[in-house]
*Asks:* 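Quick one: structure below, then a few questions.
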Amino acid sequence: MDFSLLNEALESKSYEKVADFCDELMLQAAAQGITFQDEWPYSIHLLGHLYINDVNSARFLWKSIPSPVKETRPEVVAVWKIGQRLWTRDYAGVHEAIRGFNWSPDVINFVAAFSDALQHGWTVDPASQMLTVKKLPVVREQKLNPSKLQRLTEYVFHLEH
């Protein structure tokens, strides 16, 4: 399998693309009849779905992971603990699950980006230990082109008459 796009996304910290790249690679492998257990980056794939807050896809991926992988790769189980905490909205537990595992060099930067709540515009309420998402302002660049406005006006006029 060619993991070059996935590796580029990880190196450039474009973590929002990871889930799509992994899903696409998994579909390609399945279409070619390739089976994998040991070499598939399940930890990264799960984190990719969790990073974009797609907990449902992460759950389905978790269910499709072969049992021997779950039994022999504790990092995959540790990532899933994060997913379980997200599923139940136990945000303090998410941070406990992140801090409670010694992450591999391949995953540590991804986990750090995931846990960096301020990067996503989130804040932690110290009293309740709850994460709140700040609504980011919508940036709109709207340039008024007089010729387009004129064409629109003529079009609407034509429709009305």
Side-chain angles (χ1 to χ4, degrees), residues 1-140:
M1 293 274 23
D2 180 17
F3 291 105
S4 59
L5 287 176
L6 176 61
N7 292 331
E8 287 175 21
L10 291 171
E11 288 172 13
S12 67
K13 298 184 180 187
S14 300
Y15 300 122
E16 68 281 353
K17 298 177 183 177
V18 168
D20 287 339
F21 288 150
C22 288
D23 289 344
E24 184 63 32
L25 286 171
M26 190 174 265
L27 287 173
Q28 288 174 7
Q32 296 171 5
I34 299 172
T35 58
F36 33 74
Q37 279 189 342
D38 295 334
E39 65 274 0
W40 188 257
Y42 287 110
S43 299
I44 292 172
H45 196 167
L46 277 170
L47 274 171
H49 284 293
L50 296 176
Y51 187 83
I52 60 172
N53 199 20
D54 188 0
V55 182
N56 282 329
S57 293
R59 283 183 59 226
F60 290 120
L61 176 60
W62 172 253
K63 289 179 181 182
S64 72
I65 295 174
S67 294
V69 172
K70 294 175 185 177
E71 294 166 3
T72 59
R73 293 173 58 187
E75 189 168 71
V76 174
V77 176
V79 171
W80 181 236
K81 284 181 184 177
I82 296 170
Q84 289 172 312
R85 300 309 191 286
L86 286 171
W87 182 258
T88 59
R89 294 187 171 104
D90 176 12
Y91 300 114
V94 169
H95 288 286
E96 288 174 19
I98 289 170
R99 289 188 305 266
F101 190 79
N102 189 17
W103 302 100
S104 71
D106 294 337
V107 177
I108 195 160
N109 290 333
F110 198 174
V111 172
F114 181 79
S115 68
D116 184 13
L118 297 177
Q119 174 184 343
H120 297 288
W122 300 350
T123 57
V124 179
D125 179 12
S128 66
Q129 292 298 310
M130 290 291 295
L131 290 175
T132 54
V133 180
K134 285 191 235 175
K135 187 173 182 177
L136 299 176
V138 178
V139 178
R140 293 185 184 169

*Asks:* Do you know which two heavy atoms are closest between Pro66 and Tyr42, and how far apart they sit?
*Replies:* CD-OH, 3.6 Å

*Asks:* Taking atom OG of Ser43 and atom CD1 of Ile82, what is their separation to the nearest 0.5 Å?
*Replies:*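 CD1 of Ile82 is found 9.5 Å from OG of Ser43.
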
*Asks:* Using modelled atom types only, decide if a donor and an acceptor are shared between the side chain of Trp103 and the backbone of Ile98 within a distance under 3.5 Å.
*Replies:*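 Looks like yes, one N/O pair under 3.5 Å.
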
*Asks:* Once you round to the nearest 0.5 Å, how far does CG of Leu10 lie from NZ of Lys17?
*Replies:*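 It is 11.5 Å, given to the nearest 0.5 Å.
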
*Asks:* Taking side chain as C-beta onward, heavy atoms only, is Ile52 less than 4.5 Å from Tyr15?
*Replies:* no

*Asks:* From Ile108 CD1 over to Glu75 CD, what is the distance, rounded to the nearest 0.5 angstrom?
*Replies:* 9.5 Å

*Asks:* Looking at Ser12 and Ser14, what are the two nearest heavy atoms and their distance?
*Replies:*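 In this case the closest contact between Ser12 and Ser14 is OG-OG, 2.9 Å.
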
*Asks:* Please give me the minimum heavy-atom distance between Leu6 and Pro41, naming the atom from each residue.
*Replies:* CD2-CG, 4.0 Å

*Asks:* Determine whether Ile44 and Leu46 make a side-chain contact, defined as any pair of heavy atoms from C-beta on separated by less than 4.5 Å.
*Replies:* no

*Asks:* Parallel, tilted or perpendicular for Trp62 and Trp80, by the 30°/60° rule?
*Replies:* parallel

*Asks:* Check this for me: Asn102, atom CG, are more than 12 non-hydrogen atoms of other residues, nucleotides or ligands nearer than 6.0 Å?
*Replies:*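 No, CG of Asn102 has 12 or fewer neighbouring heavy atoms, counting only those of other groups under 6.0 Å.
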
*Asks:* Show, in sequence, the C-alpha distance, side-chain angles and deciding distance for Val111 and Asn109, and conclude whether the side chain to side chain contact (heavy atoms under 4.5 Å, CB included) test is met.
*Replies:* CA-CA 5 Å; Val111 172; Asn109 290 333; over 6 Å; no

*Asks:* Heavy-atom distance under 4.5 Å between the side chains of Phe101 and Val77, does that happen here?
*Replies:*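 They are not in side-chain contact.
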
*Asks:* Between Ser4 and Asp2, is the side chain to side chain donor-acceptor pair (under 3.5 Å) condition met? List the steps.
*Replies:* CA-CA 6 Å; Ser4 59; Asp2 180 17; 2.9 Å; yes

*Asks:* Between Val55 and Asn53, is there a side-chain heavy-atom distance shorter than 4.5 Å?
*Replies:* yes

*Asks:* Side-chain contact test, heavy atoms from C-beta onward, threshold under 4.5 Å: evaluate it for Arg59 versus Ser57 and give yes or no.
*Replies:*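 Sidechains of Ser57 and Arg59: no contact.
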
*Asks:* Distance-only check: which donor-acceptor pairs under 3.5 Å involve side-chain atoms of residues 18-28, not counting sequence neighbours?
*Replies:*
unit_1: Asp23; atom_1: OD1; unit_2: His45; atom_2: NE2; d: 2.6
unit_1: Asp23; atom_1: OD1; unit_2: His49; atom_2: NE2; d: 3.1
unit_1: Asp23; atom_1: OD2; unit_2: His49; atom_2: NE2; d: 3.4

